[in-house]
There are 2 protein chains.
Amino acid sequence: MVGARAVRKARTGVRRNVRTVPGPCAQWSDRDADFIREILDLVGDKWSVLIIGTLESGPTRYSDLTDAIPGISQRMLTLTLKQLRRNGLVTRTAYPEVPPRVEYALTDLGASLLSTVLALAAWSADHHTEIRRHQQRFDAGSEQDG
Amino acid sequence: MVGARAVRKARTGVRRNVRTVPGPCAQWSDRDADFIREILDLVGDKWSVLIIGTLESGPTRYSDLTDAIPGISQRMLTLTLKQLRRNGLVTRTAYPEVPPRVEYALTDLGASLLSTVLALAAWSADHHTEIRRHQQRFDAGSEQDG
DNA sequence: CCGAATCCCCTCGGATACTG
DNA sequence: CAGTATCCGAGGGGATTCGG
């Protein structure tokens with residue numbers, strides 16, 4: 001009805017054991033919930049997606065990343081890049097020059113994740129207005145009414 | 001090459017003004033970055049996706065949600081449900097009975113988001129092993145070596 | 001130019017107890 | 001049953017400073 005089943009059909013391993021009859025049993029298996037947690041660890045933080053998206057256009061220098069992502073601090077750029085490297089989404093290449101030059105690039109794994117995440121961003125762009133409307137309506141109905 | 005361009009082509013409004021030549025200018029427009037922020041506000045937290053996913057099988061009572069989502073506290077269930085309602089992803093229906101009965105249900109908007117998010121979960125399930133391998137390799141290379 | 005280290009605020013979220 | 005209110009610890013993340 002929603003499309004979730006299509007996804008479930010296409011990709012084995014996610015929500016395999018969803019129940020079809022009403023009842024008190026758990027909707028999510030522990031493993032499925034773990035997949036949600038894992039993906040949130042990867043892209044749920046404040047900067048990962050922005051960095052990955054910036055790297056899509058090709059290998060990028062540290063300082064260029066700083067410029068491309070407004071508001072990011074050196075600390076968070078370094079930290080997030082390290083996480084992305086740890087998860088195999090990004091590679092780091094240092095060139096022994098003076099001044100030093102370091103380039104970060106997307107791996108195939110990172111690129112495949114980006115394409116998936118962009119669908120989310122597209123959803124957000126699509127429904128942005130509608131969401132705003134809901135928020136304002138909700139807030140208006142909550143404040144007074146006492 | 002990665003699929004991001006296909007997404008960009010399919011959905012207007014996201015990453016429209018990506019640059020094609022190297023240079024110091026910003027990779028993300030402020031608006032595009034805002035879409036990322038917005039979607040993270042919606043699903044980037046610890047419980048939203050689990051709740052939305054649980055609701056996919058139909059209207060669900062508060063207590064059934066508690067049972068279906070292991071580890072969630074009453075506080076976070078209530079808080080997250082309120083956020084989901086505020087964004088128009090979930091509706092709340094109270095039945096004037098004793099004992100009280102309250103059912104939460106996905107809106108069409110919430111359902112459309114779920115189907116998109118499940119693609120992410122599927123990606124996680126798909127590449128879980130590979131990611132684990134990268135992590136272990138990275139951690140092994142980091143600890144000693146000094 | 002690239003990044004590690006330190007300091008510190010502030011939000012997220014868990015535990016518990018209480019209301020209707 | 002379906003919440004609300006309060007307390008509190010852990011950690012995300014910004015500003016700044018120092019090293020290679």
Side-chain angles (χ1 to χ4, degrees), chain A residues 22-24 33 36-37 40-51 54-55 59-87 90-105 138 142-143 145-146, chain B residues 22-24 33 36-37 40-51 54-55 59-86 90-105 138 141-143 145-146:
Chain A
I36 302 289
R37 294 281 151 63
L40 287 179
D41 282 347
L42 292 181
V43 302
D45 62 294
K46 196 171 177 181
W47 301 110
S48 290
V49 176
L50 280 310
I51 292 178
T54 303
L55 291 179
T60 309
R61 299 185 59 165
Y62 183 90
S63 53
D64 286 340
L65 284 172
T66 305
D67 298 336
I69 305 172
I72 195 170
S73 62
Q74 284 197 7
R75 170 190 158 84
M76 288 319 294
L77 179 55
T78 301
L79 243 57
T80 309
L81 281 171
K82 187 179 295 182
Q83 272 311 113
L84 294 175
R85 282 201 297 144
R86 185 176 117 92
N87 295 315
V90 159
T91 60
R92 187 193 115 116
T93 313
Y95 297 91
E97 308 170 357
V98 284
R101 180 164 61 100
V102 177
E103 283 188 349
Y104 291 89
F138 187 92
S142 297
E143 54 188 31
D145 126 72
Chain B
I36 302 288
R37 294 280 151 62
L40 287 179
D41 281 348
L42 290 181
V43 302
D45 62 296
K46 196 171 177 182
W47 301 109
S48 290
V49 177
L50 279 311
I51 292 178
T54 304
L55 292 179
T60 309
R61 299 185 58 163
Y62 183 91
S63 54
D64 286 341
L65 284 172
T66 304
D67 297 337
I69 305 172
I72 197 171
S73 61
Q74 284 197 4
R75 169 188 160 85
M76 288 319 294
L77 179 55
T78 301
L79 243 56
T80 308
L81 282 171
K82 188 178 296 182
Q83 272 310 111
L84 294 175
R85 282 201 296 144
R86 186 176 116 90
V90 159
T91 59
R92 188 194 114 117
T93 312
Y95 298 90
E97 309 170 354
V98 284
R101 179 164 63 101
V102 176
E103 283 188 349
Y104 291 89
F138 187 93
S142 298
E143 55 188 32
D145 126 73

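Bear in mind the structure is a predicted one, so any value in this text is a computation, not a measurement.
Expressed to the nearest 0.5 Å, how far OG1 of B/Thr60 lies from CD1 of B/Ile69 amounts to 9.0 Å. Between atom CG of residue A/Leu81 and atom OH of residue A/Tyr104 there is a gap of 5.0 Å, rounded to the nearest 0.5 Å.
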- Per-nucleotide protein contact along nucleotides 6-20 of chain C, 5' to 3', at a 4.0 Å heavy-atom cut-off (B base, S sugar-phosphate only, - neither), is B------BBB----B

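Using a 4.0 Å heavy-atom distance criterion, B/Thr78 is classed as a base contact. Residue contacts for B/Tyr95: at a heavy-atom cut-off of 4.0 Å it reaches no nucleic acid atom on any strand shown.
Both the sub-6.0 Å distance and the 45° axial angle are not jointly satisfied by A/Arg86 relative to the ring of B/Phe138.
Here chain A contacts DNA chain D (any atom closer than 4.0 Å to a heavy atom, that is under 4.0 Å), and the contacts span D/dG13 to D/dG20 from 5' to 3'.
Taking B/Arg75 as the reference, nothing meets the side-chain hydrogen bond (donor to acceptor under 3.5 Å, both in side chains) condition, with sequence neighbours excluded. Scored by the side-chain hydrogen bond (donor to acceptor under 3.5 Å, both in side chains) test, B/Arg92 finds no partners at all (sequence neighbours excluded). In terms of the side-chain hydrogen bond (donor to acceptor under 3.5 Å, both in side chains) criterion, residue partners of A/Thr78 (sequence neighbours excluded) are, by chain and number, A/Tyr62.
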Name every donor-acceptor pair, under 3.5 Å, that has one atom in a side chain of residues 41-51 of chain A and the other anywhere in the protein, sequence neighbours excluded.
unit_1  : atom_1 : unit_2  : atom_2 : d
A/Asp45 : OD1    : A/Ser48 : OG     : 2.6
A/Asp45 : OD2    : A/Trp47 : N      : 3.4
A/Asp45 : OD2    : A/Ser48 : N      : 3.3
A/Asp45 : OD2    : A/Ser48 : OG     : 3.0
A/Ser48 : OG     : A/Leu42 : O      : 3.2

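For A/Arg85 and A/Pro99, each mapped to the nucleotide of DNA chain C holding its nearest heavy atom, the one lying further toward the 5' end belongs to A/Pro99.
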- Apply side-chain contact (heavy atoms from CB on, under 4.5 Å) to B/Leu55 and B/Leu84, showing your working. CA-CA 12 Å; B/Leu55 292 179; B/Leu84 294 175; 5.6 Å; no

